[in-house]
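Step one of this worksheet: look at the structure below.
Sequence lines set the chain letters: A, B, ... in the order given, protein chains first and strands last, and positions in each chain run from 1.
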Amino acid sequence: MPELPDVEIARRVIEERGLGRRIASVEDSDTWVSRPHGPGEIAQALTGARLTAAHRHGKTMWIETDTGPVVGLHLGMTGGIRVDEDPDPRGWDRFALEFEDGGRLALRDMRRLGRAVLDPDLSRLGPDAAEVGRHEFRERVGRGESPIKARVMDQNVIAGVGNLMADEILWRARVSPRAPAGELTDDRLDELRRATRAVIRLGIREGHAGVGELNPHRIKGGTCPRCGAALEHDRVGGRTTFWCPREQG
DNA sequence: ACCTATGTTGATAC
DNA sequence: GGTATCAACATAGG
């Protein structure tokens with residue numbers, strides 16, 4: 001689920017329902033999700049602190065506190081943020097801040113590919129996909145020999161685009177996912193950026209990343225919602241990819 | 001039973 | 001350095 005729009009929604013939830021609340025205790029015993037921290041380490045840093053701000057860059061979120069420590073949160077593949085809900089009966093709450101008012105903020109994540117860490121390292125993330133400028137997009141995305149799809153999903157290049165959004169973006173811009181990134185013209189790159197921004201805005205408005213016209217047809221036997229051609233599917237950049245061979249050939 | 005699939009990321013090898 | 005592959009995790013489905 002989580003791509004940039006999902007994470008932005010989660011960030012807003014934290015902002016609206018978490019800020020100002022004081023942490024009484026922290027559930028940080030899942031040391032896989034909280035690696036490299038040991039059990040109790042995050043709790044020690046955060047207990048007594050009050051949440052003061054919630055930020056996002058790409059798919060990474062972080063929460064600031066009035067005493068200094070920063071909590072980084074990543075939703076991984078199946079993670080989500082839950083505020084003031086009962087603990088998950090299946091044990092999928094991998095990390096939680098428990099507030100002195102009795103409420104809690106949980107990272108619920110079946111597959112445990114999410115992360116909760118102190119002072120997250122954001123240095124290797126490219127510019128946020130929702131904010132990146134035209135020039136920078138051309139420079140960063142339009143280079144290299146790898147397929148353009150791999151390029152736009154590379155978080156070091158631009159941050160926030162995942163597999164589903166990448167297919168939607170490429171389909172909208174009528175660019176083949178396999179096109180070598182460095183061979184795209186500036187015009188094509190500008191169209192890609194335009195589609196990226198549109199898909200992100202749509203996702204945020206609708207409340208999740210799995211939106212768009214292509215997405216419902218992203219199944220075996222699916223057809224292009226524009227021209228009706230049978231969609232192709234294969235692995236590109238290591239990920240399952242659907243595209244229209246007629247329009248994105 | 002065994003193999004595949006799945007929205008992410010990172011380490012590792014060429 | 002850039003690129004590709006695999007592993008980490010848990011579950012569902014053929």
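Between the P atom of B:dG7 and the CD1 atom of A:I9 lies a distance of 20 Å, rounded to the nearest Å. A:M77 places its CE atom 13 Å from the C1' atom of C:dC6, with the value rounded to the nearest Å. In this entry the distance linking CD of A:E145 with P of C:dG1 reads 17 Å, nearest Å. Rounded to an integer number of Å, the gap from A:L75 CG to C:dA10 C1' is 17 Å. Whole-Å rounding puts the A:D109 CG to B:dG7 C1' distance at 12 Å. Rounding to whole angstrom units, CD1 of residue A:I148 and C1' of C:dA4 are separated by 17 Å. Straight-line distance from the CZ atom of A:R111 to the C1' atom of B:dT8: 8 Å, rounded to whole Å. The distance from atom CZ of A:R151 to atom P of C:dA4 is 11 Å, rounded to the nearest whole Å.
Remark: DNA chain C takes part in the stems B:2-6 with C:10-14, B:8-14 with C:2-8, each of 3 or more antiparallel Watson-Crick or G-U pairs, criterion distances under 3.5 Å.
Here the side chain of A:P147 is nearest to one of C:dA10, B:dG7, C:dA4, namely C:dA4. Taking the side chain of A:M110 as heavy atoms from C-beta on, and the options C:dA10, C:dT3, B:dG7, the nearest nucleotide is C:dA10. Closest to the side chain of A:R218, out of C:dT3, B:dG7, C:dC9, is B:dG7.
Under a cut-off of 6.0 angstrom, the local environment of CZ in A:R134 is sparse, with at most 12 non-hydrogen atoms contributed by other residues, nucleotides or ligands. At most 12 heavy atoms of other shown residues, nucleotides or ligands fall within 6.0 angstrom of atom CZ in A:R194. Remark: A:E145 CD is loosely packed, at most 12 non-hydrogen atoms of other residues, nucleotides or ligands lying under 6.0 Å away. In A:E85, the CD atom is crowded: over 12 heavy atoms of neighbouring residues, nucleotides or ligands sit closer than 6.0 Å.
Look at the P atom in both B:dA5 and C:dT5: the space between them is 14 Å, to the nearest Å. Comparing the P positions of C:dC6 and B:dC3 gives a spacing of 16 Å, expressed to the nearest Å. Annotation: B:dT12 and C:dC9 have their P atoms spaced 15 Å apart (nearest Å).
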**Message:** Return a single string for nucleotides 9-14 of chain B, one symbol per nucleotide in 5' to 3' order, where B is base contact, S is sugar-phosphate-only contact and - is none, cutoff 4.0 angstrom on heavy atoms.
**Reply:** S-----
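There is a side-chain donor-acceptor pair under 3.5 Å between A:E98 and A:S25. Between the side chains of A:D187 and A:T185, no donor N or O sits under 3.5 Å from an acceptor N or O.
Looking at heavy-atom distances under 4.0 Å, A:G238 makes no contact with the nucleic acid at all.
Contact check, A:R90 against C:dT11: no side-chain N or O comes under 4.0 Å of OP1 or OP2. The side chain of A:S146 contributes an N or O atom lying less than 4.0 Å from OP1 or OP2 of C:dT3.
If you check distances only, the side chain of A:R112 never reaches the base of C:dC9 with a donor-acceptor pair under 3.5 Å.
For the pair A:R174 and A:W243, the cation-pi criterion (under 6.0 Å, within 45° of the ring axis) is not fulfilled.
Judged as a salt bridge (Lys or Arg N to Asp or Glu O under 4.0 Å), the pairs with a partner in residues 13-29 of chain A (not counting sequence neighbours) are, in order, A:R11-A:E15, A:R17-A:D84, A:R21-A:D84, A:R21-A:D101, A:R22-A:E100.
Proximity of A:F242 to A:D234: side-chain heavy atoms (C-beta onward) are nowhere separated by under 4.5 Å.
Taking OG from A:S146 and CZ from A:R178, the interatomic distance works out to 13.5 Å, rounded to the nearest 0.5 Å.
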